[in-house]
Amino acid sequence: MEKISKKVYIETLGCQMNKSDTERILGILSHFGYLPSDENKADFFMVNTCSIRKLSEDKAYSKLGVWGKMKKNNPDIKIAIAGCVAQQEKESLLKRFPYLDLVFGTHNIYELPELIKELETQNPDGSRKRICAIRDKAVPEKEFNIIRSKGINAWLPIMEGCNNFCTYCIVPYTRGRERSRSVDVIINEAKKIIKEGYKEITLLGQNVDSYGKDLDGKPTFAKLLAELDKLEGNFRIRFTTSYPTDITDEVIETVKNANKICECFHIPMQSGNDRVLKAMNRRYNRAQYAQIVNKVRTQIKDVTITSDFIAGFPSESEEEFQDTLSAIEELGLDYSNTAAYSPRPNTPAGKMVDKFIPADIKKKRLETLNNVVKIASKKSNEASVGKIYEVLIEKIKEKDIKNGSKRIAEGRSRNNKVVHFESNTANVGDFVNVEIKEALLWCLKGVEISSQSKKETVVLEAAK
Ligand code: SAH
Ligand code: SF4
Ligand code: F3S
């Protein structure tokens, strides 16, 4: 195909999986002459959408509206919608948004070259092509460049899709059934990431513990982690998301013994009440969740455990909601993402219309929940004071103060806490040992003690 130079702007909404997809889409488009650009210079606009809540879906539509207005003055621009909303709404989007040129779903990314080629042709009557490409099953992955966002963290998808069908959730419908990438493909991608200089790799999957169940030989997530840990280089590994009862002893053991895998688990609980958990079709109760958390905590020193909670699930009573609050306190969850329940099309909970909780009550519960999360976060941060954390620097800020400027390094500890400290020498991408002196609500402040690795510091401390 003839190379033309065009400029593409992609607005990415939603989870890390979407961010990773955008990096892949940009890579594919670059093979066809489309270079990433700022929004005000682009001639191809794409929104990579999220459908987890109505609010995220609406954000996508308002973006399309802005570009639709631009198209009135500049009819040559192309507008596309990708991701979970595209997968969910399909052709109806072409009808609803007359200025839209391309709709493609989460399973069609590797089909983009053909779609782009077709988009650049015209209909026999000379009118512009409008395409909707949605599949039920993913087209196989092909090798293309990946245009990763700059920085020190790289996303690395290991599996996609979900077989769990929690009653509130759209993801199984928008991402399909669980599919794992092969160990070789993942290892090779990890090696490239390290070679490019990234210092942190985050392994992505809707349920990372389901990794490998669909592959020949059934490699486990723990095995994959162990293989990645063996790779040479100075880098860290993180992973998300863990389904509570799918976390195996082997995974806990692997994280405990590894060098590069960070001590951090994101284990969404969703509710602290057994009846609500059942109505959500979560496969555990409060006691089983607590058991997992305690097991992880006892095995892995300084581990951070974060969670997700939904306030106002259909039929949730005030007392049941209180169980969520008490769970956060009782289990000492370090941080939690929260959301008010949002009905999603065609999901079982979305059909429980007569059990919906009124918006004002959901709002109130969400506020209460957020306050409890805040208190838990502060408490967790306070427990870090006096500890020595290995911090990977992500940003350097010059802070103006009365008597000159201060150089503040900002990064994250292995257990994923944001740490700020003053330093004249630390640079982005450095690993620095920091003694924590002060706990704020969402971050920690400390002083630099050395640039040795955490293990060396531990040895030094033992020798004292
Ligand atoms: N795979 C992960 C969650 C992915 S979705 C897991 O199993 O936990 C991310 C979070 O969005 C969920 O944990 C849930 O808390 C929230 N969420 C999903 N559907 C929602 C809905 N309909 N309304 C409100 N929050 C929702
Ligand atoms: Fe959604 Fe449940 Fe699957 Fe998580 S496990 S993606 S919440 S259906
Ligand atoms: Fe949203 Fe789809 Fe991710 S619904 S949270 S972008 S998997």
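Treat the numbers as computed from the prediction; the structure is a model and nothing was measured. Order of listing sets the numbers, starting from 1, for every ligand and every atom in it.
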Give the atom numbers and elements of ligand 2 that come within less than 4.0 Å of a heavy atom of N207.
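Heavy-atom distances to N207 below 4.0 Å select 5 (S).
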Minimum-distance protein heavy atom relative to [atom]:
atom: atom 16 (C) of ligand 1; value: R53 NH1, 3.8 Å
atom: atom 15 (O) of ligand 1; value: Q270 OE1, 2.7 Å
atom: atom 1 (N) of ligand 1; value: Q206 O, 3.0 Å
atom: atom 4 (Fe) of ligand 2; value: R282 NH1, 4.2 Å
atom: atom 3 (C) of ligand 1; value: D308 OD2, 4.4 Å

Which is closest to atom 8 (O) of ligand 1 by heavy-atom distance: P343, S271, P268?
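Minimum heavy-atom distance to atom 8 (O) of ligand 1 goes to P268.
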Plane angle bin for F313 and Y168 - parallel if under 30°, tilted between 30 and 60°, otherwise perpendicular
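Perpendicular.
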Once you measure the plane-to-plane angle for Y289 and Y284, does it fall in the parallel (<30°), tilted (30-60°) or perpendicular (>60°) bin?
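Ring orientation, 0 to 90° scale: tilted.
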Carboxylate-amine/guanidinium contact R128 D101, below 4.0 Å
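Salt bridge: yes.
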With nothing but distance in play, are any N or O atoms of Y243 less than 3.5 Å from an N or O of ligand 1?
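In fact, backbone or side chain, Y243 has no N or O that close.
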May I ask you to check whether S342 has an N/O atom sitting below 3.5 Å from an N/O atom of ligand 1?
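Checking ligand 1 against S342, an N or O pair does fall under 3.5 Å apart.
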Please check if the number of heavy atoms outside K213 that lie under 6.0 Å from its NZ is greater than 12.
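Above 12, so yes.
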More than 12 foreign heavy atoms under 6.0 Å from CD of E196: is that the case here?
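Yes, the 6.0 Å shell around CD holds more than 12 heavy atoms from other groups.
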Which residues and atoms, counting only protein N, O or S, are under 2.8 Å from atom 1 (Fe) of ligand 2?
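Less than 2.8 Å away from atom 1 (Fe) of ligand 2 sit C169 SG.
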Suppose the cut-off is 2.8 Å; how many protein N/O/S atoms fall inside it around atom 3 (Fe) of ligand 3?
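Protein heteroatoms (N, O, S) closer than 2.8 Å to atom 3 (Fe) of ligand 3 number 1.
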Between M269 and ligand 1, which residue portion shows a heavy-atom distance shorter than 4.0 Å: side chain, backbone, both, or neither?
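Within the 4.0 Å criterion, M269 makes no contact with ligand 1.
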